[in-house]
Amino acid sequence: MRTGDPAVSILNWLSRLPLLDRLELAALSGWSRSAVYRAVAALERERFVDPVAHASELIAPTRRYTLTAAGLRRLAQSGDIAVDRLLRERPVSDQARRLMFGRIDALAALYRLSCAVADIAFPVQARSYRALPFDLCLRLADGRTIALVRLGKINERRSLARRLARLRDGAAFAAVLLLAPDEFRLRDAARRLRTMPQPCFLALERDAVEAGPDARIWRAPSAAAVLSLREALGLAGPHNSWPVERPLSRVAAPAESGPTGARSDWMLPATLHPSEKRCLDLIGDWPWLRLDHIAALLGVGRVRLRELLRRAAEWGLIVRRAVLGRPRLALSDRGLALLARRDRASVGEMRKRWSVELTESSAGFGWRNVRGTRSRQLLRNLAHTEAVHGFLAMVAEQCRSDGWMLMQLDPPQRASRYFHFDDRLRSVQPDAFGVLRREGCHQQFFLEWERRAIRPSTMARRLAPYLRYYSSKRPLEDHGVPPLALIVFDDALAADHFQRVAREEMDHAGVELPVFASDRRVLTQHGPLGRVWTMHGERHARAVFA
């Protein structure tokens, strides 16, 4: 049985890992749940801790806790440590707490994984990081250390490559546990970490949050076997790095009043409901969304959509602009910062690419006056942007009626695939990538909506990147099964011409592509999941999602 004061233990854990909930405190501290619940209630009455309601798509609603200024002084007295030292060495300052609130969704997933590790190798110590390539480090009872890493969904290829390179070439841990947002990111990270000098194990974030220590969800970069967390930790090496991060340049004690009920920017990640966060994620992925398209993607009606958007609009997280007579949504600079801080992305880079604010010299709204380079491009080609959004909205609606689950929808910046061909870096850059699932069967697809490829030479140029990609091993490495390539044209004649060109190009290259074509009219009538796709050499359309 544990000896000592559970209240002091809880204060100590919250000073190292802010925003733990009571179940996580019980798992990490070793105290029983009833003892933790009683101690937290007493600490809350004495205003030593502040509760924060929180929920995300992966984490059920719970109450998380942070130290107040009084709680910080109580911890300093119990441990005979100066408050100034705690402010420098632990994430308890007002500035550190703001950073932690910005990452609350990510931390919640990492904390659940930490509890699973503690269930296997109790007791553990923990240390959190804000700028190093890993997010948390756990020290086991035998002194070995385990690094925990979470890859964010909005992080782009270059930033992820830099972070994984720093992880690979940095401190040596007994093992690294990495959480990825989707299967492609997991496979891409595994490929980059094959030269990792110490053991590394990867899992999907949604699986790691829900699974216990004996669930087989963990994969090594170079092995096909799937392991449980218990088995993965059994393969950990002897290393015991315990890095110390430079303190923040400014540290101040938390405000006496605490954050409860505040509506500051840094409190928004905890204030928003999971459905509101999902709505913001969609708008961030697909700027200039029409209201009917986002309603279809979310599967909600107009009244519910207004409820989901109301608080985001009140807090200035979204921008609504009328373009070509219809209101369209995009994230404001404030909304972009919210997502960037959650996933440890650069706020400045996000705004440089995706800001929809107008330049200082602009006289009025127009694509030339939009600040973000990529959002400007999407607005300039709004007919194409809207066509892609409409296709994805139709997919989402048909999935719900036909028994499919829409597991993943990636915008162009995440749908692109880079690979080496003939000693050169090549890429395919589709308009979207999606994953559908029904009865355990997964169907993946690339989408290309073509409005300009009407000449045979232009069609051949559009097809060339896919010929190179599918002639390599990368489709299998990236996805396990080669995805379908769906090409949509504005009219049926262009789709027919494309099939002839595709057959000629495949015969010339000696490569078979799972490429299917359709046109806007038939898609509008029957939907993407209907019998609307033709393949070279076939006279009748068929359904490719079956």
Side-chain angles (χ1 to χ4, degrees), residues 278-302 305-306 308-309 313 318-332 335-336 353-358 364-399 406 408-416 429-434 445-454 462 486-492 494-495 517-530 532:
R278 173 162 167 70
C279 188
L280 289 176
D281 276 329
L282 273 175
I283 297 172
D285 284 345
W286 309 98
W288 311 115
L289 262 177
R290 283 176 13 192
L291 294 177
D292 56 332
H293 288 162
I294 191 171
L297 289 168
L298 291 170
V300 299
R302 288 182 297 176
L305 181 62
R306 282 198 296 268
L308 293 177
L309 296 174
I318 58 175
V319 172
R320 182 185 301 210
R321 294 198 183 275
V323 188
L324 298 181
R326 307 196 71 158
R328 302 172 194 274
L329 299 174
L331 291 187
S332 67
L336 291 172
R353 293 184 175 98
W354 299 107
S355 175
V356 297
E357 305 296 332
L358 302 183
F365 177 73
W367 69 264
R368 291 182 177 85
N369 302 330
V370 171
R371 191 182 300 276
T373 54
R374 295 188 181 177
S375 56
R376 184 191 312 145
Q377 182 182 12
L378 292 172
L379 185 58
R380 181 184 182 184
N381 301 290
L382 188 59
H384 177 271
T385 301
E386 185 175 293
V388 173
H389 294 171
F391 178 93
L392 301 178
M394 286 190 289
V395 169
E397 288 181 326
Q398 277 198 296
C399 281
L406 186 55
Q408 184 177 336
L409 271 185
D410 286 344
Q413 65 272 19
R414 295 205 302 271
S416 300
Q429 300 186 17
D431 295 312
F433 171 78
F445 67 91
F446 293 117
L447 171 67
E448 289 275 5
W449 193 287
E450 289 292 353
R451 301 181 66 246
R452 299 176 180 173
I454 56 177
R462 291 285 196 272
L486 307 181
I487 320 293
V488 182
F489 294 87
D490 277 343
D491 61 79
S518 188
D519 64 88
R520 182 194 293 266
R521 182 188 60 81
V522 71
L523 276 174
T524 303
Q525 289 179 347
H526 304 289
L529 272 60
V532 297

*asked:* Would you compute the distance between atom CZ of R368 and atom CG of L358 and round it to the nearest 0.5 angstrom?
replied: 14.0 Å

_Rounded to the nearest 0.5 Å, what separates atom CD in Q413 from atom CG in D285?_
6.5 Å

*Quick one: side chain to side chain donor-acceptor pair (under 3.5 Å) partners of D519, sequence neighbours excluded?*
none

*Heavy-atom closest pair, residues R520 and V488*: N-CG1, 4.3 Å

*Evaluate whether atom CZ of R321 has more than 12 neighbouring non-hydrogen atoms of other residues, nucleotides or ligands under 6.0 angstrom away.*
yes

*If you take all heavy atoms of S375 and V356, which pair is closest and at what distance?*
CB-CG1, 4.0 Å

*side-chain contact (heavy atoms from CB on, under 4.5 Å) between V323 and W367, intermediate numbers included*: CA-CA 10 Å; V323 188; W367 69 264; over 6 Å; no

*So, for P287 and H389, which heavy atoms are closest and what is the spacing to 0.1 Å?*
O-CE1, 3.2 Å

*Could you tell me which residues satisfy side chain to side chain contact (heavy atoms under 4.5 Å, CB included) with P412, sequence neighbours excluded, listed by chain and number?*
W286

_Between F391 and L523, does the side-chain contact (heavy atoms from CB on, under 4.5 Å) criterion hold? Intermediate values first, please._
CA-CA 8 Å; F391 178 93; L523 276 174; 4.0 Å; yes

*Please report the C-alpha distance between L331 and I318 in whole Å, then the side-chain angles of each, then the deciding distance to 0.1 Å, and finally whether the side-chain contact (heavy atoms from CB on, under 4.5 Å) criterion is met.*
CA-CA 4 Å; L331 291 187; I318 58 175; 4.0 Å; yes

_Ignoring hydrogens, what is the shortest heavy-atom contact between R328 and L382? Give both atom names and the distance._
NE-CD2, 3.7 Å

*asked:* I need the L392 CG to M394 CE distance, nearest 0.5 Å.
replied: 9.0 Å

*Specify the closest pair of heavy atoms between W449 and H384, including all atoms of both residues, with the distance to one decimal.*
O-NE2, 3.0 Å

*Do other residues, nucleotides or ligands put more than 12 heavy atoms under 6.0 Å from Q377 CD?*
no

*How long is the gap from CZ on F446 to CG on D431, to the nearest 0.5 Å?*
12.0 Å

_N/O donor-acceptor pair under 3.5 Å between R376 side chain and V370 backbone_ = yes

*For residues F489 and I487, report the shortest heavy-atom separation together with the two atoms involved.*
CE1-CG2, 3.5 Å

*Can you check whether R278 reaches L308 side chain to side chain, under 4.5 Å on heavy atoms?*
no

_Pair D292-R326, side-chain contact (heavy atoms from CB on, under 4.5 Å): steps then yes or no_ = CA-CA 10 Å; D292 56 332; R326 307 196 71 158; 3.9 Å; yes

*At what distance, to the nearest 0.5 angstrom, does CG of L291 lie from CG of L309?*
7.0 Å

_Close side-chain approach of L409 and L297, heavy atoms under 4.5 Å_ = yes

_Reported CD-to-CG distance for the pair E450 and D490, which is rounded to 0.5 angstrom_ = 10.0 Å

*Output yes when a side-chain donor or acceptor of E386 lies under 3.5 Å from a complementary backbone atom of W288, and no otherwise.*
no

